[in-house]
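Here the structure is laid out as structure tokens; the discussion comes afterwards.
Computed from a prediction, not measured in an experiment: that's the story for all the values here. When reading the values below, keep in mind they use all heavy atoms of this one structure, side chains included, and skip hydrogens, waters and symmetry mates. Quick note on labels: first sequence line is chain A, next is B, and so on, each numbered from 1.
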Amino acid sequence: MSLSLQVQVQVQVIGASPVLRRRRHEMEMETQRCSSMAHLKQLHSRAIRLGLSSDNDAMGRLIKFCAVSEHGDLSYALQLFDQMPQPDAFIYNTIMRGLCRKSHFPMDCLLFYLRMLRRSVSPNRFTFPSVIGACCLANAVEEGRQVHAHVLKFGFGEDGFCQNSLIHMYVGCGALDDARKVFDGMPAPDVVSWTTLIAGYSRCGSVDEAFRLFESMPEGERSSVSWNAMIASYVQSNRFHEAFALFQRMRDEKVELDKYLAASMLSACTGLGALNQGKWIHRYIDESGIELDSKLATTIIDMYCKCGCLEKAYQVFKELPRKDKGISSWNCMIGGLAMHGKGKAAIELFEEMHGQRVAPDNITFVNLLSACAHSGLVEEGRHYFRRMTEAHGIEPRKEHYGCMVDLLGRAGMFEEAKEIVGNMPISPDAGVLGALLGACKIHRNVDLGEEIGESVIELEPNNSGRYVVLANLYANAGRWEDVAKVRKLMNDRGVKKAPGFSIIEFDGVVSEFIAGGRTHPESKELYAKVDEILERIRGFGYVPDVDGVLHDLEEEEKENPLYYHSEKLAIAFGLLKTKPGETIRISKNLRVCKDCHNASKLVSKVFEREIIVRDRNRFHHFRMGECSCQDYW
DNA sequence: CTAGGGTTAG
């Protein structure tokens with residue numbers, strides 16, 4: 001009897017009274033529905049009236065709203081915290097989570113952790129993910145290691161969340177070996193552990209190691225997140241074919257697409273110029289009800305722009321509600337018009353953006369100026385370059401100078417281009433000088449080209465393109481001994497020219513051609529078709545550009561005759577496979593060479609085909625014997 | 001009815 005009495009007494013002393021319980025419950029219900037700071041402040045005063053201003057339960061909920069919810073105010077959370085006489089671990093954890101997520105100084109979170117320890121509040125398993133996350137954000141691997149020691153010391157070394165956070169932190173700090181050690185020490189890593197490490201290997205460029213890990217995941221363990229981590233890894237390293245293969249496998253395993261996977265695959269389509277595959281993903285998004293947020297819409301717009309379908313890009317852009325037209329979707333559309341040589345339209349869109357009071361950023365101007373450069377709009381380019389600083393307060397960066405030098409140089413205005421370079425507050429980089437060198441090549445300005453050629457090469461000694469332009473400049477001037485010198489320098493340094501290739505998509509299959517390559521199953525027919533094409537366009541005045549053959553270091557492997565440049569193989573393939581009147585779309589990794597450009601124009605006339613070629617710089621729309629670039633590229 | 005709260009991919 002006395003025993004049961006004692007128990008009753010104890011409950012009364014340390015348990016909450018019914019009144020207190022009721023009040024706490026009331027606060028809990030109210031806080032759940034809280035949606036704004038104004039509302040929260042009412043709840044705060046209510047808590048004070050109810051005598052709960054020092055109550056960890058009630059105040060903890062209020063602090064949680066301020067610290068971590070979307071509409072919360074972190075500084076208010078800190079004020080509330082300071083008024084708490086004995087904040088418990090929950091409140092410390094909540095504040096630390098807020099500091100980690102919202103503060104610009106993630107190390108504040110670590111300082112808070114130390115404060116917690118000094119006040120003898122024991123950390124629990126919820127404490128460490130935030131603290132470790134803060135170390136990750138601050139790139140503080142040494143502090144991270146110390147926190148790791150605390151995790152073990154306080155006995156949470158077996159907690160999955162803590163371990164995953166540690167893996168994430170080591171990955172984020174680039175300490176892959178340490179991440180791997182934590183992972184290897186887990187008896188049963190979960191899907192997050194696997195995915196985090198896969199993404200980690202991918203981020204530091206070890207795509208193949210990421211794939212090995214992906215393959216060794218236990219059956220049924222892969223989530224759509226894991227698939228996406230691996231697919232995105234291929235996409236980011238430009239290994240688009242492998243991305244497609246993995247995507248196919250994923251579809252075979254009946255994994256549904258989500259918006260992340262859709263975005264990754266759209267980028268893969270963009271990389272290859274695979275318009276039809278891209279259209280398929282776009283349709284899938286529409287039909288499956290995947291939420292079309294601003295980012296995903298921009299990814300779709302980018303895909304259409306870079307797959308040569310400006311109309312569809314503009315359609316998606318136009319249909320995007322005004323509130324979802326973020327700066328990047330405007331930039332993307334302006335950049336798309338620029339690539340396609342629609343300088344005037346790019347300017348109009350920029351003015352429309354201005355009219356809608358969307359503030360341009362530096363990328364907007366890179367795209368706008370490059371639109372002017374690709375269309376030869378010198379006057380407009382000068383105008384917007386000035387307005388960028390004067391009206392929009394944006395200081396020109398290297399890229400902007402590069403666009404201006406490109407614009408003026410192409411137009412042959414070397415004095416003004418040199419003046420731009422001279423006025424740069426920073427020393428010109430390879431991009432800016434490279435633009436000038438390119439202009440020298442077009443206008444056969446050997447003197448200036450010679451003057452800057454060497455510095456362009458030395459700024460980027462591993463970029464084969466720089467050697468090639470200079471060699472071509474000399475070749476055009478007939479200075480063969482200088483050509484040989486540049487080639488020798490390139491050889492001595494072991495710099496390899498990127499082999500040129502052209503890609504064409506047909507019937508859901510992406511085919512890749514390299515100059516003179518014979519690996520394609522139908523290469524016999526293909527080469528016969530090329531010969532037929534050349535024969536027919538000769539009748540319309542085609543003369544091979546011998547100027548380019550003799551010293552053709554320019555676009556494709558020099559040992560291959562220009563008749564079989566990859567672009568011509570791709571055109572032949574397109575003519576063989578597609579129906580009369582259908583547009584042929586080709587993507588290539590290098591610039592279009594002069595001879596292929598001529599040939600493509602004639603093919604478009606003789607075979608009555610529109611040919612759209614994406615090169616590494618821009619688009620060429622060949623139609624009725626003309627090119628959209630007006631031979632200005 | 002002393003709970004409430006943590007990690008990953010574009």
Figure out the [atom1]/[atom2] separation between [X] and [N], and round it to whole Å.
X: Asp190(A); N: dG6(B); atom1: CG; atom2: C1'; result: 13 Å
X: Asn124(A); N: dG4(B); atom1: CG; atom2: P; result: 14 Å
X: Ile132(A); N: dT7(B); atom1: CD1; atom2: C1'; result: 9 Å
X: Arg23(A); N: dC1(B); atom1: CZ; atom2: C1'; result: 19 Å
X: Asp293(A); N: dA9(B); atom1: CG; atom2: C1'; result: 14 Å
X: Leu137(A); N: dG6(B); atom1: CG; atom2: P; result: 16 Å
X: Phe156(A); N: dT7(B); atom1: CZ; atom2: C1'; result: 16 Å
X: Leu246(A); N: dA9(B); atom1: CG; atom2: P; result: 18 Å

### Message
Below 30° counts as parallel, above 60° as perpendicular, anything between as tilted: where do the rings of Phe128(A) and Phe156(A) land?
### Response
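Tilted, since the angle between the ring planes falls between 30° and 60°.
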### Message
Is the ring pair Phe214(A)/Phe211(A) parallel, tilted or perpendicular, if the boundaries are 30 and 60 degrees?
### Response
parallel
Atom [atom1], compared across [N] and [M]: separation rounded to whole Å:
N: dC1(B); M: dG5(B); atom1: P; value: 16 Å
N: dG4(B); M: dT8(B); atom1: C1'; value: 24 Å
N: dG6(B); M: dG10(B); atom1: C1'; value: 23 Å

### Task
May I ask whether Phe90(A) stacks on the base of dG4(B), given the cut-offs of 5.5 Å between ring centres and 30° between planes?
yes
Taking the minimum atom-to-atom distance to the side chain of [X], which one of [options] wins?
X: Tyr260(A); options: dA9(B), dG5(B), dG6(B); answer: dA9(B)
X: Asp57(A); options: dG6(B), dA3(B), dA9(B); answer: dA3(B)
X: Thr195(A); options: dA3(B), dT8(B), dG10(B); answer: dT8(B)
X: Ser165(A); options: dG6(B), dT7(B), dC1(B); answer: dT7(B)
X: Gln236(A); options: dG10(B), dG5(B), dG6(B); answer: dG10(B)
X: Asn93(A); options: dT2(B), dG6(B), dG5(B); answer: dG5(B)
X: Val192(A); options: dG10(B), dG6(B), dT8(B); answer: dT8(B)

Does any donor atom in the side chain of [X] or [Y] lie under 3.5 Å from an acceptor atom in the other side chain?
X: Asn124(A); Y: Thr127(A); value: yes
X: Asp361(A); Y: Thr364(A); value: yes
X: Gln163(A); Y: Asp159(A); value: no

### Query
With side chains defined as the heavy atoms from C-beta onward, is the minimum distance between Ser502(A) and Ser587(A) less than 4.5 Å?
no
With heavy atoms under 4.0 Å as the rule, sort [X] into base, sugar-phosphate or nothing.
X: Lys64(A); value: sugar-phosphate
X: Ser130(A); value: nothing
X: Arg125(A); value: base
X: Asp159(A); value: base
X: Asp55(A); value: nothing
X: Asn56(A); value: base
X: Arg97(A); value: sugar-phosphate

### Query
Is there a donor on the side chain of Asp258(A) or the base of dG10(B) sitting less than 3.5 Å from an acceptor on the other?
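No.
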### Task
State whether His168(A) places a side-chain N or O below 4.0 Å from either non-bridging phosphate oxygen (OP1 or OP2) of dT7(B).
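No.
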### Query
Are Lys588(A) and Phe501(A) in a cation-pi contact, defined as NZ or CZ under 6.0 Å from the six-membered ring centre and within 45° of the axis?
no
